[in-house]
Amino acid sequence: MKKDKLTILLVDDNEKFLNSMAQRAKLREYNVLTATNGEQALEMASKQTIHIAVVDQQMPGMEGLVVITKLKAIAPDIKTLLLTGHGDEKLKEATQALNSTYFDKEDISGFWDFLANLSLGEINILLVDDNPKFLKILADRIKLKGHEPLTALNGKEALEIMESNRIHLAIVDQQMPDIDGLVLITQLKKIDPAIKTMLLTGHGDEKLKEATQALNSSYFEKEDMGSFWGFFRKILKSLETTMAAAGMAEGGDHEDALKIKGSKKD
C-alpha cells in the first residue's frame, strides 16, 4: 500500500528560494503547494486540506505571523513553521505564542531533518504494566520525548481509561494478574479497531509472537529494551503520518479508516 502524502504549503515572496524549497519537498514525497504572498496562501487553505504550512516572515502586504494567525483561523489543526532571515528572541516568542514553530533561514541546511522530526499531531499513549517501577520508568522516558502517557496497572484500569479517552497507541505487558496482554489487546481493538498496539513481554516465544502478529499488533521482548526506543519512534512516525493525512481533515471521510502500515520515510 502506498503511503499517503502530506500536503505542505510553502509561502515566500522570493520565487527562486520558493522553487528550490518546492523541489526539495517533492523529492521527499510531499504534495507541494506554493504561494508568493499571504493572500494566495489563505485562498489555497480555504479550498483544501493543508497539513503543514512553511511561511516566510518578511513579505509585502502581509507578514508571516499574520498569515499564520489567519491560517489557523481557517484550519486550527494545521501545523505551521515560520521561516525568517531576520529573527530575534521577540519574534521567536511571538511565533511560539501562536503554537507555531520558528526556524532561522541561516540554519536551512538542517531544515529537512527538522521537518521530518516535527510532531504532526497529539498522540495519546496508554501504558499498561503491573510492575509500578517499570511503568514509571517507561512513562518518564516517554514524557522526555514530549508526550504525556496515561498509565494503568492492570487490564481493568486500562479498559476504563480506554472508555473515556481516545487512545492512539497502547503498550501492554503480557503477564498481568487480571487479564493477560493478548486478551487486553483484543478487547482494546473491539473498543477502537484503529488503535495501534504493542505487546511487551519478558517471557516470549515464537507462538506468542505469532499470536500477537495475528492481532495486527507489534511484539517486543523486554530483554531488548535497548533497541525499544528506535522501534517506538518508527511507530510514532507512522501514527503521525496517518493522523495528519486522515485525522486532520474536517468532516471525516473514508480516510479516517486508513490502516497504519510502515513508517514515514524522510
Side-chain angles (χ1 to χ4, degrees), residues 3-15 17-26 28-87 90-105 108 111-112 114-124 146 166 168 194 236-237 239-258 264:
K3 72 181 181 64
D4 296 275
K5 290 186 178 182
L6 302 180
T7 296
I8 185 169
L9 171 62
L10 306 174
V11 190
D12 199 299
D13 62 318
N14 182 329
E15 293 193 32
F17 179 79
L18 185 64
N19 290 335
S20 173
M21 291 286 283
Q23 290 302 316
R24 294 285 297 276
K26 288 175 183 176
R28 284 161 173 78
E29 298 187 20
Y30 289 100
N31 180 35
V32 182
L33 301 173
T34 61
T36 56
N37 57 60
E39 288 79 6
Q40 286 181 2
L42 296 174
E43 184 178 357
M44 289 177 181
S46 68
K47 294 178 179 178
Q48 58 196 298
T49 298
I50 295 169
H51 304 111
I52 308 168
V54 181
V55 183
D56 184 38
Q57 168 61 4
Q58 289 197 338
M59 295 185 294
M62 193 184 303
E63 66 177 21
L65 282 184
V66 175
V67 176
I68 285 174
T69 301
K70 293 188 175 185
L71 285 172
K72 286 181 173 288
I74 295 170
D77 288 328
I78 193 172
K79 199 73 177 178
T80 55
L81 294 90
L82 184 78
L83 281 184
T84 179
H86 308 277
K90 186 176 180 180
L91 179 61
K92 187 174 183 178
E93 289 174 4
T95 306
Q96 292 170 340
L98 288 174
N99 194 27
S100 184
T101 305
Y102 173 97
F103 203 90
D104 202 310
K105 282 185 176 180
I108 201 67
F111 175 77
W112 297 106
F114 179 80
L115 185 62
N117 290 311
L118 187 69
S119 175
L120 297 178
E122 186 64 32
I123 295 175
N124 296 325
R166 174 69 190 277
H168 301 102
L236 289 190
K237 293 304 292 182
L239 272 168
E240 287 176 347
T241 301
T242 300
M243 288 168 65
M248 286 185 178
E250 288 187 10
D253 53 21
H254 67 280
E255 289 183 323
D256 291 332
L258 287 174
K264 182 179 183 295

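All values derive from a computational prediction rather than experimental measurement.
The shortest side-chain heavy-atom distance between Asn37 and Pro60 does not fall under the 4.5 Å cut-off. Within the 4.5 Å cutoff, the side chain of Ile52 has heavy atoms near those of the Val54 side chain. The shortest side-chain heavy-atom distance between Glu39 and Met62 falls under the 4.5 Å cut-off. Within the 4.5 Å cutoff, side-chain heavy atoms of Leu83 are placed close to those of Met21. Side-chain contact between Thr36 and Leu18: present, with at least one pair of heavy atoms (C-beta onward) separated by less than 4.5 Å. Counting only heavy atoms from C-beta outward, the side chains of Thr95 and Leu65 approach each other to under 4.5 Å.
With sequence neighbours excluded, the residues that form a salt bridge (Lys or Arg N to Asp or Glu O under 4.0 Å) with Lys47 are Glu43. Under the rule for a side chain to side chain contact (heavy atoms under 4.5 Å, CB included), the partners of Ala45 that lie at least two apart in sequence or sit in another chain are Ile50, Leu71, Ile74. With sequence neighbours left out, Glu15 forms a salt bridge (Lys or Arg N to Asp or Glu O under 4.0 Å) with no residue at all. In this structure, the salt bridge (Lys or Arg N to Asp or Glu O under 4.0 Å) partners of Lys105, at least two apart in sequence or on a different chain, are Asp12, Asp56. Under the ring pair (Phe, Tyr, Trp, His ring centres under 6.0 Å) criterion, Tyr102 pairs with no residue, sequence neighbours left out. Looking at residues two or more places apart in sequence or on another chain, you find no side-chain hydrogen bond (donor to acceptor under 3.5 Å, both in side chains) involving Gln48.
Closest non-hydrogen pair, Gly38 versus Val67, comes out as CA-CG2, 3.6 Å. The two residues Thr80 and Lys72 make their nearest non-hydrogen contact at OG1-CE, 3.3 Å. For the pair Phe111 and Phe103, the tightest heavy-atom approach, listed with the atom from each and the gap, is CA-CZ, 3.6 Å. Minimum heavy-atom separation, Val11 to Ala41: CG2-CB, 3.7 Å. Counting all heavy atoms, side chain and backbone alike, Ile8 lies closest to Ala25 at CG2-CB, 4.3 Å.
For the atom pair CZ of Arg24 and CZ of Arg28, the computed distance is 4.5 Å after rounding to the nearest 0.5 Å.
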Quick one, Leu82 with Ile68, criterion side-chain contact (heavy atoms from CB on, under 4.5 Å). Give me CA distance, side-chain angles, the key distance, then yes/no. CA-CA 8 Å; Leu82 184 78; Ile68 285 174; 3.9 Å; yes
What verdict does the side-chain contact (heavy atoms from CB on, under 4.5 Å) test give for Gln57 and Leu91, after you've listed the backbone C-alpha separation in whole Å, the side-chain angles of each residue and the deciding distance to 0.1 Å? CA-CA 9 Å; Gln57 168 61 4; Leu91 179 61; 3.9 Å; yes
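For the side-chain contact (heavy atoms from CB on, under 4.5 Å) criterion with Tyr30, the lone passing option out of Leu6, Leu9, Thr7 is Leu6.
Asn124 contributes a side-chain N or O that, together with a main-chain N or O of Arg166, makes up a donor-acceptor pair within less than 3.5 Å.
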